[in-house]
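Data first, discussion second: the structure below is written as structure tokens.
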Amino acid sequence: MNSTEVSGPIRTIDFAALRGGNHSSREALGREIVTAFEEIGGIYAINHGVDPVLVEDVFTASRWFFAQPLSWRQALGINQWQRGFLALRTNRKPGFPPDLREAFDIGIDIPADDPRVLGNKPFHGPNHWPDAPGFRSTVERYFQALRDFGFALQEALALGLGLPNEWFQEYYGNALSTMRLLHYPNAEQTLEADGFPMAPHIDFGAFSFISQDGTGGLEYQDSTELWRPLQPTQGALVVFLGGLMNYWSNGRFKALRHRVVTVPGRQRFSIAMFYNPNFDAELTCPPSCGSANQPLSNNAAIACGPYILAQAKARSALTAQ
């Protein structure tokens, strides 16, 4: 099996040990995560520490946002820092028509007078919020809860790799995080030929955290090229690995190819967090990810920010065609 193939069902992993377990139970959790990432590059995470009431609140906020008039949403269109509203058919995957979904993106909210913003550092800038304080506060609290989960996940992953729990911290002190509220309208009659609500692809970053409503439609591809459903599971986060983590781990971890298909007669809401290392991080392979067949020298250190920027620009150029 090569480094992009995955097999078997998605594991459900209980993260309760991160909050109340001893060191040995956290190590056992880490090993379970490592095994799942080696096998398939994705998991269902339960008891992950995100308040279920907050999850309900952020989905309510998302439904409110996408119920507003299109002209109102368009006034909140993507700004120069890649924050704001994305209309239908403004995202495209290689080989497919544009996706039939709309989105609202946020990141770490950095004031316009911050030196990083004044210096035009990519992905560093203010969000493009509507004048709706309740919406903003709910979305920001959920954004921070997912960042907290990501920090705990990378600590467990380090332990599972036989490394100190803080091994990833130097790469994640100011994580390059983007969160996307997603709406897939009931649009089976308006899909282009070979089109999807979200076409098959592998995320280009490190980690993706997905919350989904009860509609269904999210699928992943296994090593036989069979598409398997990722059924909504109450209280669970879906965690995917992307291309950056596949490279960073020297091919030890899989990157999960996935898509969203139409569920007839239903619209769909989901929320995705893309949790990536610091923009300035030079990612060196974890020392335990080498082997006789894949020595560490196969993969040189990679600069996170330029890599993410290049991938984002390539996706934007594809959409513009």
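Numbers for residues simply follow the sequence, beginning at 1. In this text the structure is predicted, and so the values were computed from the model without any measurement.
No donor-acceptor contact under 3.5 angstrom links the side chains of Gln169 and Gln154, judged on distance only. Side-chain contact check for Thr178 and Tyr275: no donor-acceptor pair (N or O, by modelled atom type) lies under 3.5 Å. Side-chain contact, Arg259 with Gln221: no donor N or O sits under 3.5 Å from an acceptor N or O. Side chain to side chain, Asn22 and Ser25 meet the donor-acceptor criterion of an N or O pair below 3.5 Å. No donor-acceptor contact under 3.5 angstrom links the side chains of Asn174 and Asn278, judged on distance only.
Taking the six-membered ring where the residue is Trp, Phe65 and Phe104 present tilted rings, their angle falling between 30° and 60°. Phe66 and Phe85 have tilted rings, their planes meeting at an angle from 30° to 60° on a 0 to 90° scale. Using bins of under 30°, 30° to 60° and over 60° for the plane-to-plane angle, the ring pair His258/Phe240 lands in the tilted bin. Ring geometry for Phe168 against Tyr172 counts as perpendicular: the plane angle is over 60°, on a 0 to 90° scale with 30° as the lower cut.
At a threshold of 4.5 Å between side-chain heavy atoms, the hydrophobic network of Ile, Leu, Val, Met, Phe, Trp and Tyr places Leu86 and Ile106 in two separate groups. Hydrophobic clustering (side-chain heavy atoms under 4.5 Å, transitive across Ile, Leu, Val, Met, Phe, Trp, Tyr) groups Phe151 together with Val34. Linking ILVMFWY residues whenever their side-chain heavy atoms come closer than 4.5 Å, directly or via other members, leaves Ile110 and Ile78 in distinct clusters. Residues Leu159 and Leu29 do not share a hydrophobic cluster, clusters being chains of Ile/Leu/Val/Met/Phe/Trp/Tyr side chains in contact below 4.5 Å.
The closest donor-acceptor contact from the side chain of His128 to the backbone of Trp81 lies at 3.5 Å or more, if one exists at all. At distances below 3.5 Å, at least one donor-acceptor pair connects side-chain atoms of Thr90 with backbone N or O atoms of Ala87. A donor-acceptor distance shorter than 3.5 angstrom exists from the side chain of Asn127 to the backbone of Gly107, with no hydrogens or angles considered.
Residue Leu118 is found outside any hydrophobic cluster, as its side-chain heavy atoms come under 4.5 Å of no other Ile, Leu, Val, Met, Phe, Trp or Tyr. The hydrophobic cluster of Phe274 has no other members, since no ILVMFWY side-chain heavy atom comes under 4.5 Å of it.
Between Asp105 and Arg83 there is no salt bridge, since none of the side-chain N atoms of the basic residue sits less than 4.0 Å from a carboxylate O of the acidic one. Between Asp280 and Arg116 no salt bridge is recorded (no basic side-chain N to carboxylate O distance below 4.0 Å). The pair Glu102-Arg73 meets the salt-bridge criterion, since a charged nitrogen lies less than 4.0 angstrom from a carboxylate oxygen.
Taking Ala310 as the reference, nothing meets the side-chain contact (heavy atoms from CB on, under 4.5 Å) condition, with sequence neighbours excluded.
In this structure, the side chains of Val239 and Ser208 stay at 4.5 Å or more apart for every pair of heavy atoms. In this structure, Leu146 and Met179 have side chains that are in contact, with non-hydrogen atoms separated by less than 4.5 Å. At least one side-chain heavy atom of Arg268 sits under 4.5 Å from a side-chain heavy atom of Leu218.
Checked options Pro286, Cys285, Ser288; the residue passing with Arg252 is Ser288 (criterion: side-chain contact (heavy atoms from CB on, under 4.5 Å)). Among Phe37, Tyr247, Phe207, the one residue that satisfies the ring pair (Phe, Tyr, Trp, His ring centres under 6.0 Å) test with Phe253 is Phe37. Tested against Phe196, the residues Val261, Leu100, Thr262 include a single side-chain contact (heavy atoms from CB on, under 4.5 Å) partner, Val261.
Less than 6.0 angstrom separates the ring centroid of Phe269 from the ring centroid of His183. Aromatic ring centroids of Phe59 and Trp64 lie 6.0 Å or more apart. Less than 6.0 angstrom separates the ring centroid of Tyr171 from the ring centroid of Trp248.
Rounding to the nearest 0.5 Å gives a distance of 8.5 Å between CD of Gln144 and OG of Ser177. Taken from OH in Tyr184 to CG in Asp213, the straight-line distance is 10.5 Å, to the nearest 0.5 Å. The structure places CG of Asp99 at 5.0 Å from CG of Asn91, a figure rounded to the nearest 0.5 Å. Between atom CZ of residue Phe143 and atom CD1 of residue Ile271 there is a gap of 12.5 Å, rounded to the nearest 0.5 Å. To the nearest 0.5 Å, atoms CG (Leu18) and CG (Asp14) are separated by 9.5 Å.
Listed by first then second residue, pairs satisfying salt bridge (Lys or Arg N to Asp or Glu O under 4.0 Å) with a partner in residues 125-134 number zero, not counting sequence neighbours. Residue pairs satisfying the salt bridge (Lys or Arg N to Asp or Glu O under 4.0 Å) criterion with at least one member in residues 133-149, sequence neighbours excluded, are listed as follows: Asp109-Arg136, Arg136-Glu140. Within the structure, salt bridge (Lys or Arg N to Asp or Glu O under 4.0 Å) contacts touching residues 159-175 (residues at least two apart or in different chains) do not occur.
Contact record, Asp222 with Arg228: OD2-NE, 2.8 Å, taken as the closest heavy-atom pair.
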